[in-house]
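These values consider heavy atoms only, across backbone and side chains, with no hydrogens, waters or symmetry-generated copies.
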Amino acid sequence: MRGQPAPAPLLIACALGIEHLALRTGDRSGADGPYTVVRTGMGPKAAERSVGRHLAGPAAAGTAVLATGFCAGLAPGMHPGDLVVAEETRDPHGTVPCVGTDLLVKELVRLLPGRTVHTGPLTGSDHVVRGAERYDLLATGAIAVDMESAATLRTAVRTGKRPVAAVRVVVDAPEHELVRIGTVRGGISAFRVLRSILPSFFEWHRSLLLPRR
């Protein structure tokens, strides 16, 4: 529409090939502006390098960044296929607040009625978390853990002022520890959920242009 500013680009970052496949084969029709789905590689250092590279230069100014993929749930009662919308991401380097958490929750509930959506802090790790370590992280107030979201968002805000968010799908939970992502039922369920939620990211991106009251 004439006079309306063009939306800044959207960068959707995931780590694994199977996550990238889910996002590439999901419903991409709702995009309202340019976007890129990037596979960063596994771990915080890979996420830092990849996101830093994609946000370098003036063309990336204002780019919104959303970290997504799979995660490990920390709280008892979480199940594979549950969704986690981060209120903030944390790691030893600091905390990054997320933007538009309420809107993401609303859109995810609309897209996947009956699917449980958890909100709270999402913590970062440089390794796969198992067993008792879950309870140590839960005691910090975090509800889920993954290896890339904190590094992705920290790198994003370090390179410039921009909206950031993180949405993860639980693939591994205290009562449902992951063995192999592509062969267990939890992995298949999480893949299907991740494939379904791309429209919520586009709606979040679109909302960033709306006037605030």
Side-chain angles (χ1 to χ4, degrees), residues 4-71 83-91 93-105 107-108 111 122-124 144 146-169 191 193-210:
Q4 183 175 358
L10 170 64
L11 179 68
I12 302 170
C14 64
L16 304 177
I18 193 169
E19 296 167 340
H20 195 249
L21 176 63
L23 294 165
R24 284 193 298 107
T25 56
D27 180 4
R28 301 157 71 102
S29 61
D32 187 22
Y35 71 94
T36 302
V37 179
V38 59
R39 178 186 173 188
T40 65
M42 188 173 178
K45 291 187 181 300
E48 287 176 15
R49 287 192 298 267
S50 179
V51 173
R53 184 169 63 250
H54 278 85
L55 296 179
T63 295
V65 175
L66 192 147
T68 194
F70 304 131
C71 70
L83 288 148
V84 172
V85 179
E87 294 176 338
E88 63 183 29
T89 58
R90 303 172 174 175
D91 67 6
H93 301 283
T95 298
V96 178
C98 296
V99 172
T101 298
D102 290 346
L103 182 134
L104 281 165
V105 171
E107 287 301 310
L108 291 168
L111 279 172
L122 176 62
T123 195
D146 76 88
M147 296 175 65
E148 296 84 22
S149 292
T152 293
L153 269 55
R154 176 166 37 81
T155 303
V157 299
R158 189 178 63 211
T159 57
K161 186 176 181 181
R162 64 185 81 251
V164 295
V167 177
R168 290 275 171 171
V169 182
F191 178 89
V193 172
L194 183 60
R195 191 180 180 196
S196 301
I197 61 177
L198 201 56
S200 70
F201 302 166
F202 296 145
E203 186 60 32
W204 174 79
H205 184 218
R206 186 178 298 112
S207 77
L208 300 175
L209 280 183
L210 299 176

Heavy-atom distance under 4.5 Å between the side chains of Leu122 and Glu88, does that happen here? no
Do you know the tightest heavy-atom contact between Val65 and Leu55? CG2-CD1, 4.0 Å
Are the side chains of Val37 and His20 in touch, meaning some heavy atoms are under 4.5 Å apart? yes
Is the side chain of His205 donor-acceptor paired with the backbone N or O of Ala8 at a distance under 3.5 Å, no angle test? yes
Decide yes or no on side-chain contact (heavy atoms from CB on, under 4.5 Å) for Asp27 and Leu198, but give the supporting numbers first. CA-CA 6 Å; Asp27 180 4; Leu198 201 56; 5.7 Å; no
Do the non-hydrogen side-chain atoms of Glu19 and Leu194 ever get within less than 4.5 Å of each other? yes
Would you say Val167 and Leu108 make side-chain contact, with heavy atoms under 4.5 Å? yes
Any chance you could measure Glu87, atom CD, to Thr95, atom OG1, to the nearest 0.5 Å? 12.5 Å
How close do Ala13 and Thr152 get, counting heavy atoms only, and between which atoms? CB-CG2, 4.0 Å
A side-chain contact here means heavy atoms from C-beta on lying under 4.5 Å apart; do Leu23 and Ile12 qualify? yes
Strictly by side-chain hydrogen bond (donor to acceptor under 3.5 Å, both in side chains), give each pair with a member in residues 39-68 just once, sequence neighbours left out. Glu48-Arg154
Close side-chain approach of Ile197 and Leu83, heavy atoms under 4.5 Å: yes
Interatomic distance, Glu148 atom CD to Cys14 atom SG [nearest 0.5 angstrom]: 9.0 Å
Heavy-atom closest pair, residues Ala165 and Leu153: O-CD1, 3.5 Å
When rounded to the nearest 0.5 angstrom, what distance separates CZ in Arg206 from CG in Leu10? 11.0 Å
How many angstroms lie between OG in Ser196 and CZ in Phe191, if you round to the nearest 0.5 Å? 9.5 Å
Note: Gly62 and Pro163 closest approach over all heavy atoms is O-CD, 4.1 Å
Which atom of Ile18 lies closest to which atom of Phe70, heavy atoms considered: CG2-CE1, 3.7 Å
Between Arg195 (side chain) and Leu21 (backbone), is there a donor-acceptor pair under 3.5 Å? no
Over all atoms of both residues, closest heavy-atom pair of Cys98 and Ala166: SG-N, 4.1 Å
Do Val164 and Val157 have side-chain heavy atoms sitting under 4.5 Å apart? yes
When rounded to the nearest 0.5 angstrom, what distance separates OG in Ser200 from CG in Leu66? 7.5 Å
